[in-house]
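Report on the following structure.
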Amino acid sequence: MTTPGFFEIYPDARPALPAGLYTTTSRQELTAAPPTGDGTIHVDDTQFFVHIDSPRYVMPPDQILSTFPPAGSQGDWRERLPQIVLKRRTLPWERNPGPLKANPPVGPPQPDPDPATAPPWLALVVLADGEGQVSTDVDVAQCVTPGTNLGDDADAPQGKYLEVTQDIIDKVFPCVDELALLTHVRKVDLRDTELALGDDDGYLSVVMASRLPQPGPPAKAGQDPTPLKYTACLINLEQQLPVLLPTEPNPIFFFDAVNVQVLASAELLAPAPNATIDELAMNIGPGVHVASIAKSSRSSKAAAKKAATQVRTAELAPYAPSAQIETAASAWGTGPVSKTVQNSADFAVASGYKFGINDGLITTVSKKFRFPVLVSWEFTCTGDGGFERLMNSLEVGLLGTLDENQQPPTPEVAPTGHVALSHRTRRGEAARSWYRGPLGPQPTQRAMPVGGVLPLAHTGDQLRRVVPDGREDVSLAAMFEIGRLLTLSKPMLVAALLSWRRELFGAARARELTDLMSAGIIANLGNSAIGGRNALEDLVRNHLVGAFTSATVDSIGPKAQLITASRVPDEIADLGLAEVLVGLGADPKVMTRVTRQFGVDGLAAVPVTVAEMPTVPVSRDERALGALQARLNARVDELTANVLKADLAGPKGAPAKRSRRKDTLDQLIAEAEARVQARNEGRR
Amino acid sequence: MVAIKAGVYFQAMQQANAQLVQTIAQVKRNDGVEDGIPTDGVVPADIVRALARLRLLEGVPFGYLVADAELIPAETIRFFYLDRNCTDALIQGALSVGTVNSADRAQLADLYALVRNEVDTAERLVRMKDSDAPKVDAQGRPMGPGGPVTGFILRSRLVSGWPGMHVRAYSTDTHPDNQTIPDMDTSPDRVRLLRMERLAPAVLFVLFDGVPQVVHLEEPRSGIQFGVRLDNVADKTQQSAVVTVRDVTAPNKGPLMKTATKPVTVPVPFRSGSPGVINMNKLNESLIAIPKANMGTEVDPAEFAIQMLRFPLRQVFGDTTVAQDADAFSSSITVANLTARFALARQVLGG
């Protein structure tokens with residue numbers, strides 16, 4: 001039982017019956033025991049036909065779980081064997097690949113191997129560019145070497161094939177006794193998503209290749225190797241096992257990792273001609289081919305060689321799955337990508353011509369073999385260095401520290417990780433300022449609230465600092481500015497910030513809160529509270545201020561200190577309650593009696609004598625005027641005596657001498673007297 | 001004229017004013033996005049999300065992160081601490097877009113402490129769900145937002161060649177380097193990633209939520225691979241290779257070791273005249289010939305596949321001065337010394 005993270009490997013998983021057409025007959029024998037002797041009841045046989053299907057020319061894409069190296073990828077695969085993982089565990093053993101040895105010219109044909117021990121009929125071959133040719137979709141009869149007959153059981157009407165020379169088969173294709181080692185079955189736990197890759201029962205079959213892909217030789221000695229493109233093809237070996245080498249040749253324990261393109265044939269690497277399909281078909285212009293030369297030189301080897309050079313230089317079109325004519329490259333070339341091109345009759349004519357060339361000419365030089373390709377993919381091998389190699393050569397350090405063997409000129413870096421950069425200030429001066437981004441070699445202390453307040457900068461200039469060596473540290477200011485610019489570059493974010501501002505930074509949500517808290521006191525306070533800026537002012541002006549003024553003094557705030565005491569005249573401060581009441585015209589005794597009996601409301605019934613309004617103004621009232629005048633005179637005399645420091649009464653009762661000249665005060669007094677006398681006389 | 005119970009009303013208003021800033025959060029709003037960022041904070045959720053991303057330096061031009069490219073030459077890895085004052089300055093710059101006059105600035109300055117706390121919480125949720133964020137670290141201390149953030153910049157062909165590289169960090173160095181670790185490791189001392197991004201095809205930028213003791217960089221696990229190990233030869237025209245041998249009955253124990261550090265290997269036979277085609281049968285025979293490998297005498301593709309397995313490489317960055325399984329605590333005084341000291345003290349003090 002596999003657990004996640006573990007997998008089991010099995011050598012094979014052979015199906016009970018290999019693929020093919022079967023006739024199943026059922027026979028029943030019934031015996032009865034009648035009273036008279038025995039008897040058998042005859043029952044007719046029933047036959048039914050079973051067709052066990054299996055891919056033969058085309059692999060359905062849903063049977064492929066993964067490939068390694070990944071299709072279309074680039075990487076250093078020098079130490080890895082390419083492989084393909086298939087969903088069905090019995091796939092590589094579902095067909096019998098046919099006799100292991102070639103049929104002898106005379107005598108009975110070789111028998112098929114025993115299904116229980118036959119080698120798999122699938123093999124994965126990896127070919128570099130120019131070592132073989134993968135065709136477009138053609139009729140399945142053409143997918144095998146001419147002369148091989150695979151039978152009528154075809155799973156698809158059209159398929160692709162790989163065409164190679166015997167040389168490539170000897171050097172690159174696996175040998176017959178290697179085939180079994182290259183295929184096995186793996187079991188993984190379905191819960192292990194990474195290993196199971198979406199399989200339905202956890203059993204997978206794996207077909208490996210035996211070739212290590214290498215990058216091409218470097219363009220110049222000492223440089224990196226050039227990337228080299230490889231095509232991995234899963235081929236069908238049915239009835240063609242005798243073509244492969246029976247056993248491995250003598251091994252050598254090293255290989256040439258530099259000259260990896262020895263097997264590439266130049267003819268297959270030639271670029272496609274710059275010709276349209278019509279020109280190829282009509283054999284004009286750049287699409288000229290040399291079939292005529294080929295046909296005439298079939299007899300002599302020398303002429304064939306000459307024709308070969310002409311073929312090499314005459315720009316034939318090699319065919320690879322993702323060449324120009326297909327409109328989109330599919331990573332697994334299992335089927336036609338561009339159906340219109342596929343079905344175009346012109347195209348069929350052109351391809352016929354192309355393969356006609358090869359048929360006509362190359363058969364004299366070397367025999368070519370065709371194998372049906374079920375699936376193929378491409379990858380590129382680069383010489384970057386494997387993961388292990390690159391990882392071991394990494395330099396490790398803290399950011400802001402310089403490597404010792406770094407070539408000058410090195411940047412000016414402080415031990416704190418600050419870098420000195422040239423800085424042109426706003427006034428145009430050139431300066432060198434320190435800058436350290438958010439990444440530094442040491443931990444830093446974050447600014448914390450001071451006295452409950454966290455400082456917030458509103459412009460970048462507020463964050464400029466000066467360092468003890470006199471230079472500026474513009475790190476924080478630069479970060480402020482880039483944060484501001486990044487935000488301004490996002491209109492949605494600007495809109496969100498401005499609407500947050502309009503809500504008074506969250507005060508809108510206080511609406512519901514204040515409604516909750518003050519619902520019993522004032523209805524709709526919340527609604528009027530925050531409908532925006534103006535509504536808040538109205539609220540404050542109309543409701544809150546009135547509430548504050550009517551509240552007690554102490555609840556609004558602490559009492560203001562008595563800075564200046566008010567000046568109350570002594571006469572008023574000494575007044576008692578009775579005197580006030582008398583002055584107002586009320587009888588104190590009556591007042592006290594009424595209030596005791598009737599309370600405050602009884603005061604309204606107490607009569608108060610109110611003096612009549614005077615009908616004559618004070619300035620016409622002679623008596624009042626005279627009394628006021630007398631008092632004024634007496635007071636003025638007092639004041640002048642105080643000022644002059646003279647006695648009012650002289651020695652021995654003589655009248656006070658005024659030995660001075662008359663000054664302004666004397667003049668004012670004389671004038672006032674004259675005025676009063678004149679008025680009095682005028683009235684009489 | 002509205003009849004107002006002045007005293008009661010004023011008390012309520014005083015309460016509301018005093019608590020207005022703190023209790024605004026009680027009103028929930030449904031924002032419709034499930035990333036764990038609370039929608040009922042002082043700052044609206046979409047602004048918090050954008051500020052949290054800015055905190056993780058998303059969108060900040062590379063010149064602001066690393067002032068001089070000489071600080072990261074090719075094929076280097078540079079570790080760093082994140083300066084929270086700089087990221088706070090980024091956020092302050094972002095917030096300054098939302099203020100126009102002094103009244104706005106005064107209001108925002110009052111709220112800034114809360115805004116900073118909310119962005120601290122949100123920055124850990126950008127990449128992980130709220131439920132994933134660990135509550136305590138390996139020492140059992142509660143982990144809150146606003147803690148230290150570290151990371152590294154890797155500039156190498158590793159990043160362009162293996163874009164799916166796994167990065168893992170742990171806050172304690174107690175596991176052996178070659179321990180099997182599942183893909184989604186949830187051990188409590190794992191330091192989570194806040195951000196992992198390829199800033200350029202060959203530059204990887206990673207931020208950790210804490211200070212790790214070990215960092216693992218692992219080759220992407222693209223299924224199970226088979227292969228050989230090429231020798232380091234000077235003449236590439238004579239390239240040889242070896243396969244390390246395993247015991248097929250106990251394959252999980254690692255390769256067979258010839259000495260303490262060198263594993264048992266067999267040389268790989270190649271086909272002559274072909275670039276890199278292995279002779280599988282001869283290789284199988286040479287593997288069978290090793291008795292410790294316990295392979296049967298007949299050809300078994302399963303046993304052969306086990307020998308050819310190659311596992312992804314893991315590079316561990318940690319403190320190389322400390323031995324791998326060293327105890328975190330090592331005492332510097334023995335018990336015998338301590339007892340002698342206490343006995344002496346008792347003598348001297350007469351107690």
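In the text below, chain A, chain B and the rest are named by the order of the sequence lines, each starting its count at 1.
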Nearest 0.5 Å, please: how far is [atom2] in [Y] from [atom1] in [X]?
X: His184(A); Y: Tyr10(A); atom1: NE2; atom2: OH; result: 12.5 Å
X: Thr487(A); Y: Leu54(B); atom1: OG1; atom2: CG; result: 5.5 Å
X: Leu399(A); Y: Leu71(B); atom1: CG; atom2: CG; result: 6.0 Å
X: Leu493(A); Y: Leu51(B); atom1: CG; atom2: CG; result: 6.5 Å

By a 4.5 Å heavy-atom criterion (distance strictly below it), what part of [X] contacts chain A: side chain, backbone, both, or neither?
X: Pro73(B); answer: side chain
X: Leu82(B); answer: both
X: Leu207(B); answer: neither
X: Asn85(B); answer: both
X: Asn284(B); answer: side chain
X: Ser272(B); answer: both
X: Leu217(B); answer: both
X: Leu283(B); answer: neither
X: Val149(B); answer: neither

Any idea which heavy atoms bring Pro251(A) and Asn279(B) closest together, and the distance?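 Taking Pro251(A) first and Asn279(B) second, the nearest heavy atoms are CB-ND2, 3.4 Å.
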
What heavy-atom pair brings Pro82(A) and Arg211(A) nearest, and what distance separates the two atoms?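 Scanning both residues, the minimum pair turns out to be CD-O, 3.3 Å.
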
Is [X] salt-bridged to [Y], cutoff N-O under 4.0 Å?
X: Asp88(B); Y: Arg84(B); value: no
X: Asp120(B); Y: Arg446(A); value: yes
X: Arg186(A); Y: Glu8(A); value: no
X: Arg157(B); Y: Glu75(B); value: yes

Where on [X] is there a heavy atom nearer than 4.5 Å to chain B: the side chain, the backbone, both, or neither?
X: Val206(A); result: side chain
X: Val413(A); result: side chain
X: Leu463(A); result: side chain
X: Ala128(A); result: neither
X: Val453(A); result: neither
X: Pro411(A); result: both
X: Glu248(A); result: both
X: Phe253(A); result: both
X: Thr183(A); result: backbone
X: Asp12(A); result: neither
X: Leu394(A); result: both
X: Leu179(A); result: neither
X: Leu486(A); result: side chain
X: Leu421(A); result: side chain

Chain A: which of [options] shares the most heavy-atom pairs with it under 4.5 Å?
options: Thr99(B), Leu65(B), Val60(B); result: Leu65(B)
options: Ala109(B), Ser240(B), Pro269(B), Gly227(B); result: Pro269(B)
options: Phe304(B), Phe317(B), Phe270(B); result: Phe270(B)
options: Glu303(B), Arg116(B), Glu70(B); result: Arg116(B)
options: Leu57(B), Ile306(B), Ile91(B), Ile77(B); result: Ile77(B)

Given the rule in the salt bridge (Lys or Arg N to Asp or Glu O under 4.0 Å) test, do Arg271(B) and Glu178(A) qualify, once you have shown the distances and angles that lead to the verdict? CA-CA 12 Å; Arg271(B) 228 185 270 192; Glu178(A) 276 181 346; 3.4 Å; yes

Kindly say whether Leu456(A) contributes a backbone atom to a donor-acceptor pair with the side chain of Gln92(B) at under 3.5 angstrom?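 Side chain of Gln92(B) to backbone of Leu456(A): no pair is present.
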
Please state whether the rings of Phe80(B) and Phe205(B) are parallel, tilted or perpendicular, taking 30° and 60° as the class boundaries.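 Geometry flag for Phe205(B) against Phe80(B): parallel rings.
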
Residues Gln214(A), Arg78(A); criterion side chain to side chain donor-acceptor pair (under 3.5 Å); working and verdict: CA-CA 5 Å; Gln214(A) 304 293 318; Arg78(A) 276 184 280 191; 5.0 Å; no

Are His458(A) and Phe480(A) close enough that their ring centers fall under 6.0 Å?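 His458(A) vs Phe480(A): aromatic centres not under 6.0 Å.
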
Out of [options], return the one with the most heavy atom pairs under 4.5 angstrom to chain B.
options: Gly437(A), Cys175(A), Ser210(A); value: Ser210(A)
options: Val419(A), Asn392(A), Leu485(A), Leu476(A); value: Leu476(A)
options: Ile168(A), Leu81(A), Leu181(A), Val172(A); value: Leu181(A)
options: Thr444(A), Ile482(A), Leu182(A), Val126(A); value: Ile482(A)

From CA spacing to verdict: side chain to side chain contact (heavy atoms under 4.5 Å, CB included), Phe79(B), Val396(A): CA-CA 8 Å; Phe79(B) 291 86; Val396(A) 183; 4.0 Å; yes

Should Asp177(A) and Thr247(A) be marked as a side chain to side chain donor-acceptor pair (under 3.5 Å) after you check the CA-CA gap, both sets of side-chain angles, and the distance that decides it? CA-CA 6 Å; Asp177(A) 55 356; Thr247(A) 58; 5.0 Å; no

Within the 4.5 Å heavy-atom criterion, are Phe226(B) and Gln83(A) side-chain neighbours or not?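 Phe226(B) reaches Gln83(A) side chain to side chain.
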
